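Taking it in order: structure first as structure tokens, then the write-up.
Note that ligands are numbered from 1 as they come in the structure, with each ligand's atoms numbered from 1 the same way. Model, not experiment: these values are computed from the prediction.
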Amino acid sequence: MPEPLRLKGIPASAGYAEGPLFNLDPDVARYRSKATAADERLALDTAIGTATGRLAKLIQATEGDAADILEFQLAMLEDDALTGPAFAAIAAGQPADAAWRQALDAEIAGYETSDQDYFRARAADMRDIRDQVLRALSDDSAAAAPAGAIFYGEDIAPTRFLETDWSAGGGIALKAGSAASHVAMLARSRGVPMIVGLGAVGLGAPPADLVGVALLDAEHGGIVLGPTRAEVEAFRQSSSSFAARRSRAETFLARPAVTKAGTAVRVQVNIADPSDVDGIDVSTCDGVGLMRTEFLFGKTLPDEETQYRAYRKVLEWAGDKPVTIRTVDAGGDKPVPGFTVEEGNPFLGLRGIRLSLARPEVFRVQIRALLRAAVHGNLKVMFPMVAVWDEYQRAAALFAEEQAAFAVRGVAQIMPPLGIMVEVPSVAIAPEVFSEVAFFSIGSNDLTQYVMAAARDNASVAHLNSIRNPAVLRLIASVAAFGRAQEIPVSLCGDAGGDPAAIPALIEAGLRELSVVPAQLAMAKAAIADVSI
Ligand code: PEP
Ligand code: MG
């Protein structure tokens, strides 16, 4: 018996899968060169047409975020800026497959080598586009994976994910990948277990004698190939206990969250796209604790009307429950073309409120949209990445100026309560500097990375990036205590709020308000019910 191979990664979508390993990578298409450049050109044109047609068909069968991903790919494929260099290489004598691969690889390299998670995550879409056309060129349909397989490779294409029937189980284990990628997002919303960041030190191609059975633990972040019998048994126990916790959790969804000792905890949801609320029954949550607005700033800067409509939709969905909308937190791992600046160390650069204040003409558009939207519900607005009092004051002054201008023109508007994220250590250490804000919301993703000096998207320092480190918990507890003493509401909207393993520590730290991703709502409420405080 060969030795089992055990690899550690980062959980991107919690769950367990046991099945054969399916190697995603040796997907090299065979292509026969044509006689003339004109024929090569025709071959590439036809292949792009085939890939475009497939995408259009897939879009019709898909909705929501998945359709957005496919539409992005379709737009890229139809863009001459992407296809032009390949046709130019054909004119210079290259065969169609080499020309296409070369053109796309050059583009992909730019995305992959970016130090920003957002762009690295988009590299998967570009690879997907490259491979779809290469497959169409060689007329080779993708090798089929066995039912219930664990897809293993560098990265997985969104179209590959969407074409796969996950009803028989299965999962995803990636050497690279990112928990912020489109596929990770899809995996979470469909409950497909997934881990990322196994690293180059993992397998090259998986050894043939180990691919028979793999155990994927995407709750803790690990995969075992060729496991021992004892490992299989322990894995099955963990897997059924996870399934039992999941289904037990569903019974908590409809009820308000309370601990075993009867302490009430408000649980809100984190959203981005307004359509995120479509699948949520508003009665199952206490409102929206964080609406990220970066998504609106995708390809172009959004105008006031576009933003107003997006905010209004969420406010109307929530009725009288509060909706906390965060002003744009561009920069860091969320660059926005035409807005953010190129920086050596973007996590410590011009991001969040710093950038909004540096570009008031962009910020004022968002402020106007928020003031108008406030008429339609229970809006609260918060500023991201605040580090000093002056930033809050300047942002609040811009709100006041825009409100005054609206009042002169008789435009319907309401000034919402203005609060701040607590995600820069300077705020968590000295919250008294900010005692005039309307509320605090702890951004544990950033607070943890800044306290621990360990990037939130770097697998090799993931062991340091822990909210349960005493230094991080002490800061959270002191902000919660300050809020209680001053009667300033404090909530937490980082990913830890939805992590059942972190919830007891957060409640012990004094928090009574959490905001979690919708997919974790039931699990978070169930975890709260187990806390004895
Ligand atoms: C955080 O930092 O915890 C947070 C909620 O904001 P984001 O993840 O968008 O940076
Ligand atoms: Mg943050």
If you check every N/O/S atom of Glu423, which is the one nearest the Mg ion (ligand 2)? OE1
With only distance considered, is Glu294 within less than 3.5 Å of ligand 1 through an N or O on each side? no
I'd like to check which ligand 1 atoms, numbered from 1 as shown, lie under 4.0 Å from a non-hydrogen atom of Leu290. 5 (C)
Do you know which N/O/S atom name in Asp446 is closest to the Mg ion (ligand 2)? OD2
Does this structure show an ion pair linking Arg127 with Glu154, if we count only N-O contacts that are shorter than 4.0 Å? no
Rounded to the nearest 0.5 Å, how far does CZ of Arg248 lie from CE of Met523? 10.0 Å
Check contact between Met421 and ligand 1, using heavy atoms of the residue and a distance below 4.0 angstrom. yes
Could you go step by step and tell me if Lys313 and Asp278 meet the salt bridge (charged side-chain N to carboxylate O under 4.0 Å, His left out) rule? CA-CA 10 Å; Lys313 173 184 161 120; Asp278 293 344; 2.8 Å; yes
Atoms of ligand 1 close to Arg456 [distance to a heavy atom under 4.0 angstrom, numbered from 1]: 2 (O), 7 (P), 8 (O), 10 (O)
Arg512 and Arg266: CA distance, side-chain angles, deciding distance, side chain to side chain contact (heavy atoms under 4.5 Å, CB included) verdict: CA-CA 6 Å; Arg512 297 292 178 266; Arg266 287 161 48 78; over 6 Å; no
Would you say Thr340's side chain and Ala330's backbone share a donor-acceptor pair under 3.5 angstrom? no
Heavy-atom count around Glu316 CD within 6.0 Å, excluding the residue itself: above 12? yes
Can you sort out which atoms of ligand 1 are near Cys493, meaning under 4.0 Å from one of its heavy atoms? 5 (C)
The option among Asp329, Leu492, Asp446 carrying the non-hydrogen atom nearest to atom 2 (O) of ligand 1 is Asp446
Considering the heavy atoms of Gly443, write down every atom of ligand 1 situated less than 4.0 Å from one of them. 1 (C), 2 (O), 3 (O)
Pull out every atom of ligand 1 sitting under 4.0 Å from any heavy atom of Glu423, numbered as shown with elements. 1 (C), 2 (O), 6 (O)
Nearest non-hydrogen protein atom to atom 6 (O) of ligand 1, with distance, is Arg326 NH1, 2.9 Å
Can you check whether Asp495 has an N/O within less than 3.5 Å of an N/O in ligand 1? no
Does the plane of the ring in Trp166 sit parallel, tilted or perpendicular to the ring in Phe161? Use 30° and 60° as the thresholds. tilted
To the nearest 0.1 Å, how far is atom 3 (O) of ligand 1 from its closest protein heavy atom, and which atom is that? Asn445 N, 2.7 Å
Anything under 30° is parallel, anything over 60° is perpendicular, the rest tilted; go ahead and classify Phe363 against Phe383. perpendicular
What do the steps show when you test Arg326 against Thr293 for side chain to side chain contact (heavy atoms under 4.5 Å, CB included), and what is the final call? CA-CA 6 Å; Arg326 183 174 72 183; Thr293 57; 5.5 Å; no
For Arg292, atoms of ligand 1 separated by under 4.0 Å from a heavy atom: 4 (C), 5 (C), 6 (O), 7 (P), 8 (O), 9 (O)
Give a yes or no on whether the ring-centroid distance for His376 and Tyr308 is below 6.0 angstrom. yes
List every atom of ligand 1 that sits less than 4.0 Å from any heavy atom of Arg351, numbering the atoms from 1 in the order shown and giving each element. 10 (O)
Quick one: does Met385 get a heavy atom under 4.0 Å from ligand 1? no
